[in-house]
Peer 1: 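Right, I'll just put the structure down here and ask away after.
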Amino acid sequence: EIKLDLFEGALGVMSRSEVHLAKFFAAVWFGNNKRFGFDVVDAASSLDAPERDIIINWMKDPFWP
């Protein structure tokens, strides 16, 4: 479940890394990145290795809720 009002409000107070991951999770949840504009290139340039690994591992074996 995603509570959009809480999610959208939280984006304004999250760190840059948290925003990237939150947008990634939302993109997976909705099956596209149109609503929140997740950008894999921007995320890759600013996330630390463990955070990038979350995205990389999903790309290797994607699944949707």
Peer 1: Does one hydrophobic cluster hold both F36 and M14, with members joined at side-chain heavy-atom distances below 4.5 Å?
Peer 2: yes
Peer 1: So, taking the atom named CG in L47 and the one named CD1 in I54, what distance separates them when rounded to the nearest 0.5 Å?
Peer 2: 8.5 Å
Peer 1: Is V40 reachable from I56 through a run of hydrophobic residues whose side-chain heavy atoms are each under 4.5 Å from the next?
Peer 2: no
Peer 1: To the nearest 0.5 Å, how far apart are CE in M59 and CZ in R52?
Peer 2: 12.5 Å
Peer 1: Hydrophobic clusters here meaning ILVMFWY residues chained together by side-chain heavy-atom distances under 4.5 Å, can you tell me if F24 and F63 are in one?
Peer 2: yes
Peer 1: Would you kindly confirm whether W64 and F25 end up in one hydrophobic cluster when ILVMFWY residues are joined by side chain heavy atoms under 4.5 Å apart?
Peer 2: yes
Peer 1: Examine F30 and F7 and state if one hydrophobic cluster contains both, with Ile, Leu, Val, Met, Phe, Trp and Tyr joined whenever side-chain heavy atoms are less than 4.5 Å apart.
Peer 2: yes
Peer 1: Nearest 0.5 Å, what's the CH2-CG distance between W29 and L4?
Peer 2: 10.0 Å
Peer 1: Tell me every residue that passes side chain to side chain contact (heavy atoms under 4.5 Å, CB included) with P50, counting only those two or more places apart in sequence or in another chain.
Peer 2: D48
Peer 1: How many angstroms lie between CG in L21 and CZ in F38, if you round to the nearest 0.5 Å?
Peer 2: 8.0 Å
Peer 1: So, taking the atom named CD1 in I2 and the one named CD in E8, what distance separates them when rounded to the nearest 0.5 Å?
Peer 2: 8.5 Å
Peer 1: Using every non-hydrogen atom in the two residues, find where S17 and S46 come nearest and quote the distance to one decimal.
Peer 2: OG-O, 4.1 Å
